[in-house]
Amino acid sequence: MSAVRRSASWRTLIPLSVFALAAASCAGSDEQTDTESSSDSTETVTLRIGAIPDQDPERLQRTYSLLSDFLEEELGDVAPGIEVEYVPVTEYDSAVTGFAVGDLDTVWFGALTGVQARLSVDGANAIAQRNIDQEFTSVFVARADSGIEPIGDVDGLTALAGRSITFGSESSTSGRLMPQAFLEQAGLDANEDFAGAPGFSGSHDATIELVTAGTFEVGAVSSSTWDSRVDDGVVDTTEVIEIFRTPAYFNYHWVAQPDLDERFGDGFTEDFVDALESLDPSDADDAEILDLFDAESFIPTENENYDAVESVGRNADLIR
Amino acid sequence: MPTSSADSVRLTSVSVDFPLGKSTGSGSTVAALVDIDVTIGVGERVALLGASGAGKSTMLDVIAGLVAPTSGEVEILGSPISALDTRALREHRARVGVVRQAHGLPGQLRVIHNVNGGRLGFWSTWRSLTSLIRPHGRADVAEALERVGLPGIADRRTDELSGGQQQRVAVARALIQDPDLILADEPVSAVDPTLSDDVLSLLAEPTPQHRTLVVSLHDPELARRHVDRVIGLRDGRLAFDVKTADLSDVQLDRLYRSAD
Amino acid sequence: MQFLRRLPLRTRVAIGLAAALAWSVAQAGVSDVVNTNGWSSFAEFWTSVARLDTSAEFLRLTWESTQQTLAFAVLGTALAMVLGLCFGPLLSRRAGVSALAYRILGALAALPRSVHEILIALLLVQVFGFDPIVAVLAIGVPFGAVTAKVVADAIDDADRAGFDALRATGARRFTALLYGIGPHVRAEFVAYGFYRLECAIRSAAVLGIVGVGGLGFQLDLSFESLRYREIWTLIVALMLLSGGADAVSSAVRRSRGSLSVRWIALVGVAAIGWSGWRVGLDVSSLWSQRTRERLPDFAVDLLPPRLGPGGWGELATATLDTVALAILSLSIAVAVGLLGAVVIRRRAGGSHRGGVPAGVLRFGLGRLVLLLFRAVPAPVWAFLFVLVLFPGLWPGAVALGIYNAGVLGRLFAEAIETQPEQAEQGVELAGGGAVARWLYGVLPQSAPRVLSLTLYRGEVIVRETIVIGVVGAGGLGQLIRDHLVARDFAAVTGVVLVLVALAVAADALGSALRVALR
């Protein structure tokens, strides 16, 4: 162990001191091939998964460490000795970037970020989604004491004019893109018709927190996060209330790099989807994972499902 | 302000030690003033004479309250300085005009503001603020400047003036303060000799009657012409303290020679 | 107009500045500014200071993150120093390169200086992915450009006798520079290196927020879930790190020349080795297969620059917003910074009155608050102020203003402390109060230095507006954020060009004002 460690630190030291002297690194070239080959060999056995940071970071950490363990076990047959590593990011667009540069192999995206990711990597595919993602909705929430009444239909959203509002992330489908599109449908411009400029809290949990704290009167969040927090009793529904649920659209899904089969073995991508599909709510361990995903099950999906969101995204200049 | 006696300045057994070396903290000191007893009455005009390093500036700084004595007592205008609280100290200081060798006129300020500096002890904060935008008391400043022989320069930048002119601005600042006690440290060292007499006679002017002057000078002849009493300092000790008329050349000779 | 022309230059400048400030306030808007609803969250943040999260687990995380931030700062500084030493001599007039090459090198060095580290990092990440090299380059390259300029100036300002003597013996230019000028510049260079490290720590913390890792990253995560107790633990760590670097850096500056360069070099190499190991730096990613593939692709994405979908109108509005943001931030920074300097200034002599304990308390507390202001990255201040100010220019302006007040306050105090105190004593002896002392004694004297620090800070703030925009507080930074979110890199380049132009303009305006108000 100590020998390994010494050689590792030595390896990083050599190119560094060479670098520090800013000399041409002839001597470092041996070391270089050494590092490359070793990183290549780890690349073949480590599957790096990511997710848009749409929720409380701690919850994300728990969700994906459980999922990583699960996947390591399930995918061991097709890719012996595989390690699954969860790489956390702080911004939605960092997840897209990580996928675009190839640092992330499969990523749990929202509809909009998923489309952006596929547009950045030729041949990447949407592979799986949750049962709830075919009929996904956004929820407008408000502080109970704001005097805002529940709204019946999209046109009724005009009642929110003049209030202060916060979205989630700029790249969020359910926390920004779709709510903004429905507001527009009702004739409201998010930048013009509210008190101050709209806020971007960063995540659904942050949106709920800010509305609860009263910083903003209205917030737009994903229905799955909202329902889950209400069920768990995390949200005090005497303080924050649901005022409108939008019409349904396709949302979250897993997107995979095109070369997974090549790198991890034939049929790897399919096995990945199968593994997710095999999550069984009647098994206690599986149920915990599904519960953290606010889902009953995972199902296969395909790229065409997100065409509608893509055109909304193009409309909003979020896809160019 | 209670004036318990007719004395303007009273130093009793005043000694001042300065530490040797700035921050070494070695503990060794040098004596700048040793056991000085001096009393100066209201309305007196006194000159301090002595070679450089004899303790003239230190003595003026002690009277001004800038330097606290290591031992002894200092009573100025009837009040022991060390006993004054912040507010009383300000009121006290407004009655004492100081012209220092390093006169400390910020060169970036216009002359009028530097002259007005003499009145800051009487002005409210608000007034000192607004005066920077629209100067107050323009006429008084113009008159003071004219008296020191610098008419019409109120709106010039101070750092555009020569050293001698700046020194006279410092005198104007002390005059406009209309103090009961003027402390002047070599006020004419950089002033043209032909003007020195004019400036000194302004400081030594017998009006108002209660105004006291303590001035350090390098030229005994100037002292002979302008003050009533001369105090000689040598190595921090009192060498002589006589009426100007009684000052002898022998005394002077001894005063300067010993320092060489 | 005629009337204006007759006024003295300073008055005209003052009127101009006042007009600029008024315009900026109008641009930021005066209605819908304060969000009273967020007050309780804001108050909760401040009251949480007494309840730091000291759980063993979180302390360990904080300790790890602190090391990471420090390691990035060390590596970035090392790169900057190497770049500075390599290119500095070339940029000096004494190096004797051709006039054309000199111009080209000068322009090349100016470009990275006018783009903020955070933006460089956001772009580099598109090529290198989540690789520690991104943070090292993002800090090292712009800092290296600044360092090269400093080295060049130091070489040109150094006594040239040694250089000339060596040249006379037939030594080549480079040798003559090394032996004739090197020793003069060395102490200055070491002191400057420590100052850079101090800045690099602040930069590394900001970079954490865009996901590089370290304290900034943890701050971002904790802010996302509004865990104020964790935030305060991280802030204390940042203050210790930043304050420690400040202290070391000023100690080195004071002991100029007396430090053994060999010893410093030894510690430096050890620190670099440790830092590289700590963050897992592998410089081979600079020329890895992936880099060779992605670099040309990304260059194609970036070029040619284009206008975003919002067109010229959007760009113009954002530019005006950025200008207003910079003016407001600078005004706040100067006002708060001056106040801070008044509080923390040490007087060498002067009156010995005033209670000593009260003075020490005021002094210590003032230093601590200023350290807090500058140790917490500007975007984190923005997160905080978005709680009580509606999104827009104000939270950004206050955040940048507070952060820079922390930097300026310390610099102002140092500048004032180096001025002779006679002027102030003069006012004091005439019985002037504290305010009069400052107005008639201290400020007029320090004004040139304070002004020059302010103008330089203004140039920095123009670049820093991007940091605030990235968290959604308006201006060109916000526009860049919008384009990045839409992965429209050509449009990002377009905005960056405007930013560079603004930085150059701020630079020119600063120089002009310095000359006019000398």
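Every chain is numbered from 1, with letters handed out A, B, ... down the list of sequences. Remember, it's a predicted structure, so these values are computed and weren't measured experimentally.
Neither the backbone nor the side chain of B/Leu183 comes within less than 4.5 Å of any heavy atom of chain C. Of the two parts of C/Ala436, the backbone and the side chain both hold a non-hydrogen atom closer than 4.5 Å to a non-hydrogen atom of chain B.
For CZ of C/Arg345, the number of neighbouring non-hydrogen atoms (other residues, nucleotides, ligands) closer than 6.0 Å is greater than 12. Surrounding CD of B/Glu160 are more than 12 heavy atoms belonging to other residues, nucleotides or ligands, all under 6.0 Å away.
The two atoms that bring C/Pro448 and B/Gln108 nearest to each other are CG-NE2, 3.7 Å, heavy atoms only.
Side chain of C/Tyr440 to main chain of B/Leu109: no donor-acceptor pair is present (N/O by atom type, distance under 3.5 Å, no hydrogens or angles).
Proximity to chain C among residues 116-124 of chain B is limited to B/Gly117, B/Gly118, B/Leu120, B/Gly121, B/Trp123, judged by heavy-atom separations below 4.5 angstrom.
Screening B/Val96, B/Asp61, B/Leu66 against C/Leu429 for a side chain to side chain contact (heavy atoms under 4.5 Å, CB included) leaves a single residue, B/Leu66.
With rounding to the nearest 0.5 Å, the separation of CG in B/Leu89 from CD in C/Glu428 is 8.0 Å.
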